[in-house]
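Just follow the structure's listing: the first ligand is 1, and inside any ligand the first atom is 1. The shown structure was predicted, so the numbers you read here are calculated from the model rather than taken from an experiment.
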Amino acid sequence: MRIAILGGDGYCGWATALHLSSKGHSIAIIDNFCRRQWDFELGVQTLTPIRPLPERLAVWQQLTGRTIETFVGDVADYEFLASMISTFRPEAIVHFAEQRSAPYSMIDQKHAVFTQVNNVVGTLNLLFAIRELAPDCHIVKLGTMGEYGTPNIDIEEGFITIEHNGRRDTLPFPKQPGSFYHLSKVHDSHNITFACKIWGLRATDLNQGVVYGTLTDEVQMDEVLINRFDYDEVFGTVLNRFCAQAAIGWPLTVYGKGGQTRGFLDIRDTVRCIELVCLNPAERGEFRVFNQFTEQFSVLELAKLIQTVAREMDIRVEIDHLPDPRVEAEAHYYNAKHSRLADLGLEPHLLSDSLVNSLINIAVRYRDRIDPAMFAPQVNWRVGRNQRRTLSNLRQEPLVVKEPMSL
Ligand code: NAD
Ligand code: USQ
């Protein structure tokens, strides 16, 4: 298949591009490298040193003989996106190209507006470009489990059948997102649902849980291909942060009680899920929702697990309960369904099998690059970024907020 990977220089997109390329698909990576700029803006860096995209792609070609095309530009720029689609003529477009950090979206007004403009306009552009130029193309859109929030009932895969005043209907599952970032994903989902209905587009919304791990079969072929490992307080996800903390014996930063429960999956399952979804596209006019995660854990369960594994490696770590900088339930019911990808053939990797190799060993290997200043949470949901404890090298002006497209 001809598959375009929007956001292919990022964490999930890079591993997916290599995996699909290794399976013989023709791949194009589309990215404007804004993720690399956000690291500069925040004064942080991935634990693993990531090389420039052209260098990574040259090594991939040397190793496999496979070429991956690149289109450098902004998905929120309609002319650029349309020209990529006309040139590359994809049969599927996998859309990872969004600002994906909840804390980043909660820093202040500019970051909230930037996040929603970048994400919502990018997806709207994609819908219009596909309608105009490639109406048969399958949209594979990365959503998030956080769209649902933490309701006190089981979470279904996208839709719920309810009875009300004696009548029955199947409706979108209620959304209770917990940040302006997570809200942007809800807005995307609504726009995609509507476009499928009115224009007969085909789309799969993948409500993905928290992804962990660095290693896939492809990225471990050469160190130049290594994936990102973010552990800072804005882009670092909880497992990465705990593993980086454990690697230098730093107390694990559990926010609040630690009863926050989320769905998780190994990066190897992310790339496999995308492959399965591309090979089994939605029908024309169909909007599908799959919950893309394999196991669920509370934050405190993860901290205890890492503490135990670290002890076996002769590393002693304490667990700290910091005041929760977020507004979220710290203990709650959580039971989310996730059978549709397994029905397509996903065979999950379990955290217990990858925790040491794909996470803790990587953190230990690069531990000289760990800066403990990146562990303290600085972004607070109630007041934004904590000005008194701003990182010394944080730039004053965050970024240029994009103007909405002129009509
Ligand atoms: P990432 O930040 O590592 O990668 C995103 C890539 O998209 C970056 O390379 C960035 O430069 C690019 N990008 C962003 N906006 C762009 C634009 N307007 N034009 C062109 N390129 C743009 O993020 P990730 O962790 O790989 O996540 C990918 C997607 O998966 C996101 O949509 C995210 O919301 C979703 N997701 C991620 C996780 C996770 O745990 N990492 C979990 C659930 C969902
Ligand atoms: N947490 C801690 N300590 C930390 C960091 C986080 O206790 O040091 C807690 C948070 O308060 C939260 C939970 O861990 O309750 C998860 O936080 P996270 O930063 O790992 O994940 P989240 O903000 O939800 O975002 C990540 C990705 C995002 C994706 C989402 C999937 O950054 O792109 O959409 O996971 S989900 O969580 O299912 O919405």
Handout entry: Lys/Arg cation over aromatic Phe88: Arg2, 6.0 Å, 45° cone
Key = yes

Practice task
State whether a side-chain donor-acceptor pair under 3.5 Å links Thr204 with His138.
Solution key: yes

Exercise for the section: Check each of Gly7, Cys12, Gly8 against atom 26 (O) of ligand 1 and report the one with the nearest heavy atom. Expected result: Cys12

Problem - Asn118 and ligand 1 - part of the residue with a heavy-atom distance under 4.0 Å - result: side chain

Handout entry: Straight-line distance of Tyr334 OH to Ile153 CD1, nearest 0.5 Å
Key = 12.5 Å

Fill in the blank from the handout: Under 4.0 Å between heavy atoms, the region of Tyr181 that gets near ligand 2 turns out to be side chain

Handout entry: NZ/NE/NH1/NH2 to OD/OE distance under 4.0 Å, Arg100 and Asp230
Key = yes

Completion exercise
Looking only at protein heavy atoms, what sits closest to atom 15 (O) of ligand 2 is Glu328 OE1, 2.8 Å

Handout entry: Asp74: numbered ligand 1 atoms lying under 4.0 Å from its heavy atoms
Key = 17 (C), 18 (N), 19 (N)

Practice task
State whether Tyr104 and Arg385 meet the cation-pi test: NZ (Lys) or CZ (Arg) under 6.0 Å from the six-membered ring centroid, and within 45° of the perpendicular axis.
Solution key: no

Problem - Among Ala76, Gly209, Ser184, closest by any non-hydrogen atom to atom 42 (C) of ligand 1 - result: Gly209

Handout entry: Any N/O pair Ala102/ligand 2 closer than 3.5 Å
Key = no

Practice task
Below 4.0 angstrom from a heavy atom of Tyr11, which ligand 1 atoms are there? Numbered from 1 as shown, please.
Solution key: 1 (P), 3 (O), 4 (O), 25 (O), 26 (O), 41 (N)

Handout entry: Side chain, backbone, both or neither: His95 near ligand 1, heavy atoms under 4.0 Å
Key = neither

Fill in the blank from the handout: Heavy-atom proximity to atom 9 (O) of ligand 1 ranks first, among Asn119, Thr16, Val117, Asp31, for Asp31

Practice task
Return a yes/no value for Gln245: is any of its N or O atoms, backbone included, closer than 3.5 angstrom to an N or O of ligand 2?
Solution key: no

Problem - Those atoms of ligand 2 less than 4.0 Å from some heavy atom in Gly146 - result: 36 (S), 38 (O), 39 (O)

Exercise for the section: Could you name the option among Lys185, Arg228, Arg100, Glu147 that has the heavy atom nearest to atom 32 (O) of ligand 1? Expected result: Lys185

Problem - NZ or CZ of Arg66 within 45° of Trp60 ring axis and under 6.0 Å - result: no

Fill in the blank from the handout: ligand 2 to Arg262, heavy atom cutoff 4.0 Å, flagged ligand atoms 15 (O), 37 (O)

Problem - Heavy atom of Gly209, distance to ligand 2 below 4.0 Å - result: yes

Handout entry: Phe235 to ligand 1, any heavy atom closer than 4.0 Å
Key = no

Problem - Heavy-atom side-chain contact between Ile315 and Arg311 under 4.5 Å - result: no

Fill in the blank from the handout: For atom 22 (P) of ligand 2, the closest protein heavy atom turns out to be Arg326 NH1, 3.8 Å

Problem - Donor-acceptor side-chain pairing of Thr270 and Gln208 below 3.5 angstrom - result: yes

Handout entry: Proximal atoms of ligand 1 relative to Val210 (non-hydrogen, under 4.0 Å)
Key = 40 (O)

Handout entry: atom 35 (O) of ligand 2 [closest protein heavy-atom partner, distance rounded to 0.1 Å]
Key = Val210 CG2, 3.5 Å

Practice task
Assess the pair Phe128 and Trp199: is the distance between their ring centroids shorter than 6.0 Å?
Solution key: yes

Fill in the blank from the handout: If you compare Asn227, Asp39, Leu142 by their heavy atoms, the one closest to atom 30 (O) of ligand 1 turns out to be Leu142

Practice task
Under 4.0 Å from a heavy atom of Arg241: give me the atoms of ligand 2 that qualify, with their elements.
Solution key: 4 (C), 5 (C), 8 (O)

Exercise for the section: Of the side chain and backbone of His182, name the one, both, or neither that has a heavy atom under 4.0 Å from an atom of ligand 2. Expected result: side chain

Completion exercise
Tightest non-hydrogen contact, residues Ile319 and Gln307, listed as CD1-OE1, 3.6 Å

Completion exercise
If we number the atoms of ligand 2 from 1 as shown, the ones under 4.0 Å from a heavy atom of Gln208 are 31 (C), 38 (O)

Fill in the blank from the handout: Here the atoms of ligand 2 under 4.0 Å from any heavy atom belonging to Val299 are 7 (O), 9 (C), 13 (C), 14 (O)

Completion exercise
Among Leu300, Thr253, Thr237, closest by heavy atom to atom 26 (C) of ligand 2 is Thr237

Handout entry: Closest protein heavy atom to atom 33 (O) of ligand 2, given as residue, atom name and distance to 0.1 Å
Key = Arg100 O, 2.7 Å

Exercise for the section: Specify the protein heavy atom at minimum distance from atom 7 (O) of ligand 2: its residue, its atom name, and the distance to 0.1 Å. Expected result: Tyr255 N, 2.9 Å

